[in-house]
2 protein chains.
Amino acid sequence: MTDHAAASSFCCADHSGTANAQAILTQAEDRAKARGVRLTPVRRRTLEILLQAHVALGAYDVLERLGAEGFGSQPPVAYRALNFLVEHGLAHRIRRLNAFTACAHPGEEHRAAFLICEACDSVTEAPARLVSDALALAAAEAGFRLERATIEAVGLCAACQRASA
Amino acid sequence: MTDHAAASSFCCADHSGTANAQAILTQAEDRAKARGVRLTPVRRRTLEILLQAHVALGAYDVLERLGAEGFGSQPPVAYRALNFLVEHGLAHRIRRLNAFTACAHPGEEHRAAFLICEACDSVTEAPARLVSDALALAAAEAGFRLERATIEAVGLCAACQRASA
DNA sequence: ATATCTAATGTTATACCATAACAGTCAAGG
DNA sequence: CCTTGACTGTTATGGTATAACATTAGATAT
């Protein structure tokens, strides 16, 4: 995690620090209930932590905060909560960053693509219906049965383009 | 790396153990020359190792082989060679597997998607023009300047579908 | 040829990411 | 109550990746 990222807090994240986070949290609870799984305190708090962050967080970043709040302080605590969230569509894993970010649109079933800014490390979730369809087609042509996919783009977010202009 | 993967060597890899590897190696040399970079012994050998493998290899797998052949035996040796190959389009990094695979079509400029089989760990490179175009569109809509992207699909390759039927 | 400069290799050391395995806890249903 | 299964927590360990610096080898210009 670069200081750079921590310093430039005004980039792209579209779910941080706002009333929006509340709404997403509520959606998350509904979704958990609908699926018959429990959004326990650690899990809920983990989601909140992700929502508050303006960049994707590493598991150890999350862990540090959890530990400081009286939850367990060993890696599995964070990884379990994060994996739970990912499994149930409440968060996403960003493989390029070895990090996690809250899902901006839980509830809706959606295939997302992630736009990762090289300058500020912000991660934006973009609708990826078309991308996903195209990929399904490519897979089908190869006789491959597609289960799920990771689509990550790297480049410059709008804010950082302006900043570097 | 599962033993499973090592055991089932007949899945999808389309560039291993054949005259094809020779051809790709030649293309790689041409490409290096064209770009004014050097395909040194470690780099070349690293590419050969990837070409011979029927699955994507972790950096430490590659390192082990390199070390056994008299090259350096410390991680940076492998990472440097692998990063070189990736940078120049001679290999691809498969993030979901923390692994690398030789590019099946060096020379051609191409955007690839990777089809990763959950059963046998094989990685197939699929043409991704359409996927890439769709992604470019999605990025543009977000005002994002796309530099490059990673597209990885997970599922079952054709061979493993038949095997499990 | 040889001095010089740069790119590439090699090494040590360390940091970061992730999971296995097991022990204790807690809530729901019999 | 007591059992059961899911959840949390811990210890321990394994796998992935890079920083920093010393050394060597290739290219270039005198």
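Chain letters run A, B, ... following the sequence lines, proteins first and then strands; every chain starts at 1.
- Side-chain heavy atoms closer than 4.5 Å link hydrophobic residues (I, L, V, M, F, W, Y) into clusters, and following such links, possibly through other members, connects A/I151 to A/L146.
- Contact annotation: A/Y79 reaches the phosphate of C/dA18 (side-chain N/O to OP1 or OP2, under 4.0 Å).
- Taking a cutoff of 4.0 Å between a charged side-chain nitrogen and a carboxylate oxygen, B/D133 and B/R129 qualify as a salt bridge.
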Protein-nucleic acid N or O pairs under 3.5 Å, nucleotides 8-10 of chain D:
{"residue": "D/dT8", "atom": "OP1", "partner": "A/T40", "partner atom": "OG1", "Å": "2.4"}
{"residue": "D/dG9", "atom": "OP1", "partner": "A/G72", "partner atom": "N", "Å": "3.4"}
{"residue": "D/dG9", "atom": "OP2", "partner": "A/G72", "partner atom": "N", "Å": "3.4"}
{"residue": "D/dG9", "atom": "N7", "partner": "A/R80", "partner atom": "NH2", "Å": "2.2"}
{"residue": "D/dG9", "atom": "O6", "partner": "A/R80", "partner atom": "NH1", "Å": "3.0"}
{"residue": "D/dG9", "atom": "O6", "partner": "A/R80", "partner atom": "NH2", "Å": "3.4"}
{"residue": "D/dT10", "atom": "OP2", "partner": "A/S73", "partner atom": "N", "Å": "3.2"}

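- Look at CZ on A/R35: it is 17 Å from P on D/dA6, rounded to the nearest Å.
- Side-chain contact check for A/K33 versus A/D30: every heavy-atom pair is 4.5 Å or farther apart.
- Residue A/L25 holds its CG atom at 7.0 Å from CG of A/L39, rounded to the nearest 0.5 Å.
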Quick one: which protein N/O atoms are closer than 3.5 Å to N/O atoms of nucleotides 23-30 of chain C? Pair and distance per line, please.
none

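- Using a 3.5 Å distance cut-off with no hydrogens or angles, the side chains of B/E125 and B/H105 do not pair a donor with an acceptor.
- Side-chain atoms of A/T150 and B/R96 form a donor-acceptor pair, as typed in the model, at a separation below 3.5 Å.
- Here B/R95 lies out of heavy-atom contact (under 4.0 Å) with every strand.
- You'll find that the side chain of A/Y60 is closest to C/dA18, out of C/dA18, C/dT19, D/dA17.
- Across A/G67 and A/S73, no two heavy atoms sit closer than the pair CA-CB, 4.2 Å.
- The CD1-P distance, from A/I94 to C/dC17, rounds to 14 Å in whole Å.
- Rounding to whole angstrom units, CG of residue A/N83 and P of C/dA18 are separated by 9 Å.
- Proximity of A/N98 to the phosphate of C/dC16: no side-chain N or O atom is located under 4.0 Å from OP1 or OP2.
- A salt bridge links A/R44 to A/E48: at least one charged side-chain nitrogen sits closer than 4.0 Å to a carboxylate oxygen.
- Atom pair A/L97:CG and C/dC17:P shows a separation of 10 Å (rounding to whole Å applied).
- The environment of A/E64 atom CD is sparse: at most 12 non-hydrogen atoms of other residues, nucleotides or ligands sit within 6.0 angstrom.
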